[in-house]
> 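One structure coming up, written as C-alpha cells, with questions to follow.
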2 protein chains.
Amino acid sequence: MTRSEENYIKAIYHLSGGGMHSVPTNAIATQMDTQPSSVTDMIKKLSDKEYVHYKKYRGVHLSEKGINTALTIIRKHRLWEVFLADKLDFNWDEVHDVAEQLEHIKSEKLIDKLDEFLDFPKYDPHGDPIPGKNGELAQRSLQLLSAMKPEEEGICVGVKDSSVSFLKFLDKHNIALGDHIKILDVEEFDESLNILIESKKLHISKRIATNLFIKPIPA
Amino acid sequence: MTRSEENYIKAIYHLSGGGMHSVPTNAIATQMDTQPSSVTDMIKKLSDKEYVHYKKYRGVHLSEKGINTALTIIRKHRLWEVFLADKLDFNWDEVHDVAEQLEHIKSEKLIDKLDEFLDFPKYDPHGDPIPGKNGELAQRSLQLLSAMKPEEEGICVGVKDSSVSFLKFLDKHNIALGDHIKILDVEEFDESLNILIESKKLHISKRIATNLFIKPIPA
DNA sequence: ATTAATATTTAGACAAATCTAAAAATTAAT
DNA sequence: ATTAATTTTTAGATTTGTCTAAATATTAAT
C-alpha cells in the first residue's frame with residue numbers, strides 16, 4: 001500500500017458512508033483536490049488489487065478488503081489524534097493535519113502499544129469513534145446540542161463540523177471537550193440556546209448547536 | 001524536503017563524521033543500498049538546493065544548511081526512539097525501524113511538545129546524544145566497557161554497534177540499558193571480562209565489551 | 001609515465017503518480 | 001427520441017527517483 005493508495009481508500013470510505021453506497025469518480029476528485037483523470041487511473045490500480053469493485057462509468061464500491069483497510073487507517077488516524085490532544089496538549093483544531101501524516105506509519109505493534117498507552121480510547125477528540133483492532137466501530141452514544149431540551153444536561157464530547165474555523169471559534173469562546181453543559185431555554189424566534197457551560201451563562205446560535213455533540217447525563 | 005532527500009542528508013551526515021570530512025559517492029551508494037548513478041543524480045539536486053557542496057569526482061561535503069537539516073532529522077529520530085522505548089515499552093532493538101519512519105513527520109510543534117513530554121532527554125535508548133532544538137549536541141560522558149579496569153563500576157547506557165543482531169544478543173543475555181555493572185577482572189589471554197551485572201556473574205568477550213557504553217560511577 | 005583498476009558520471013529507460021486536452025459514455029432536457 | 005450538458009475515460013506528456021550500460025575521470029601499480 002502506497003501512501004497515495006491509502007489516501008484514496010480513506011476518501012472513498014468517507015464518501016461512501018463507510019462503504020455502504022458507491023461513489024462517482026468526480027466526487028473523489030473534488031474531495032481529494034485532484035483531476036478526475038487521475039482518479040480513474042488510481043481506481044484501476046485499486047481495482048486490480050481488489051480494494052474496490054469498479055465498472056467503467058459506474059463509480060466505485062469498496063470491497064470487504066477495502067473497508068478493512070480504510071478502518072485500519074482511520075483507527076491509526078484517530079488514535080494519533082487522541083495522543084496529540086491528551087498527551088501533547090494539542091488543541092482539537094490542530095490534531096488533524098499531523099494525524100494525517102502519522103496515520104501512514106507502518107507498524108502494527110506501534111498502534112497496539114499506542115492504543116494501550118492511551119487506555120483504549122473509544123472516541124477521538126472530535127467525538128468520532130475509533131475502530132477496534134478487528135474493525136468494530138462503537139456507535140456514538142451522542143446527540144446534537146440542538147436536539148436537547150431545557151433542563152437537560154450533558155458533556156460536550158465532539159463536533160460535527162470539524163473545520164478549522166469552527167474549532168477555532170470554539171477555542172475562542174472557551175468551549176472545550178469535556179465541558180459540562182446545561183440547557184437553560186430555547187428562543188422560539190431563532191432556536192438559539194441559552195446554556196450554562198461550566199456554570200457560565202452563554203448564548204449560542206442554532207448553527208453552532210447543530211454542530212456540537214453532547215453525551216447526555218440522565219437526570 | 002522530500003523523504004528521499006532527507007535520507008541522503010542523514011546518510012551523508014553519518015558517513016562524514018557529522019559533516020567534518022567529505023564523502024565519496026560510492027560510500028553513499030553502499031550505505032543506502034542503491035546505485036552510484038542514483039547517488040550522483042540526487043547529489044546534484046542537493047547541491048542545487050545548497051545542502052551540500054559538490055565538485056564532480058571530488059565527493060560531497062555537507063553545507064552549514066545541510067548539517068542543520070541533518071541534526072533536525074536526527075533529533076526527531078532519537079526523540080521518537082525514546083518515546084517508543086520509554087512510553088510504549090519497545091525493546092531497544094525494535095525502536096530503530098519505526099523511528100526511521102517517524103523521523104519524517106513534519107511538524108515543529110509536534111517535536112517540541114514530544115521533547116517536553118519526554119522530559120527533554122539527552123540520550124536515546126542506544127546512548128546516542130539527542131541534538132537540541134538549536135542543533136547543540138551533548139558530549140557523551142561515557143566510556144566503553146572494554147576501557148574499564150577491575151573494581152570499577154558503572155551503568156550500562158548505550159551500545160556502539162546498534163545492529164539488530166547485537167541488540168538481540170544483549171536481550172537474550174539479559175543485558176539491558178540501566179543495568180549496574182562492576183568489573184571483576186580482565187583475562188590476560190584474550191582481554192575478555194568477568195563482570196557482575198545486576199549482581200550476577202557474567203563472562204563477556206572483548207568484542208562485546210568494545211560495543212557497550214558505560215557511564216562510570218566514581219568510586 | 002604508461003597502463004590497469006577503480007570510482008564517478010552521463011545517457012537513456014522505466015515506474016508511479018500526476019496533469020491537460022480530446023474523445024466517449026451517460027444523464028438530463030426539450 | 002434527439003440533442004445538449006455533464007461525467008468519465010483515454011491518450012499522451014511531465015516530474016521524481018530510480019535503474020542499466022557505456023563513457024570518462026581518478027588513483028594505484030608497474
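Below, chain A is the first sequence line, B the second, and so on; all start at residue 1. Note that the structure is predicted; figures quoted are calculated from it, not measured.
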> Taking the ring of A:Phe213 and the ring of A:Tyr123, is the distance between their centroids below 6.0 Å?
no
> Take atom CE of A:Met42 and atom P of C:dC19, then tell me their distance rounded to the nearest Å.
11 Å
> Apply the test ring-ring contact (aromatic ring centres under 6.0 Å, His included) to residues B:His21 and B:His61: give CA-CA distance (whole Å), side-chain angles for both, the deciding distance (0.1 Å), then the verdict.
CA-CA 7 Å; B:His21 38 86; B:His61 203 110; 8.3 Å; no
> Any donor and acceptor pair, going by atom type alone, linking the side chain of A:Gln101 with main-chain N or O of B:Lys106 inside 3.5 Å?
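Yes; judged by distance alone, with no hydrogens or angles, the pair exists.
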> I'd like a table of atom pairs between the protein and nucleotides 10-14 of chain C - only N or O on both sides, under 3.5 Å - with the distance next to each one.
residue : atom : partner : partner atom : Å
C:dT10  : OP1  : B:Lys56 : NZ           : 2.4
C:dT10  : OP2  : B:Lys44 : NZ           : 2.5

> For A:Ile43 and C:dT18, give me the distance from atom CD1 to atom C1', rounded to whole Å.
15 Å
> For a quick check under 3.5 Å, do B:Ser192 and B:His203 share a side-chain donor-acceptor pair by atom type?
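Yes, B:His203 and B:Ser192 have a side-chain donor paired with an acceptor closer than 3.5 Å.
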> Counting the atoms with a prime plus P, OP1 and OP2 as sugar-phosphate, which does B:Ser38 contact under 4.0 Å by heavy atoms, base, sugar-phosphate, or nothing?
base
> Look at the side chain of A:Lys55 and the backbone N and O of A:Val60, then say whether any donor-acceptor pair between them is shorter than 3.5 Å.
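A pair under 3.5 Å: no.
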> Can you pull out the residues from residues 24-35 of chain B that lie within a 4.0 Å heavy-atom distance of DNA chain D?
B:Thr34, B:Gln35
> With a 3.5 Å cut-off and no angle check, do the side chains of B:Ser4 and B:Thr2 form a donor-acceptor pair?
no
> So, OP1 or OP2 of D:dT16: does either fall under 4.0 Å of a side-chain N or O from B:Tyr8?
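Answer is no, no contact under 4.0 Å.
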> Quickly work out the A:Leu46 CG to C:dA16 P distance and round it to whole Å.
13 Å
> How many whole angstroms separate atom OH of B:Tyr57 from atom P of D:dA23?
13 Å
> Sequence neighbours left out, what pairs pass salt bridge (Lys or Arg N to Asp or Glu O under 4.0 Å) with at least one residue falling in residues 78-93 of chain B?
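Applying salt bridge (Lys or Arg N to Asp or Glu O under 4.0 Å) to every pair that reaches into residues 78-93 of chain B, excluding sequence neighbours, yields B:Arg78-B:Asp124.
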> Hey, does B:Arg58 reach any base, or is it just sugar-phosphate, or nothing, if we go heavy atoms under 4.0 Å?
sugar-phosphate
> Taking atom CD1 of B:Ile183 and atom NZ of B:Lys149, what is their separation to the nearest 0.5 Å?
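Separation between the atoms: 10.5 Å.
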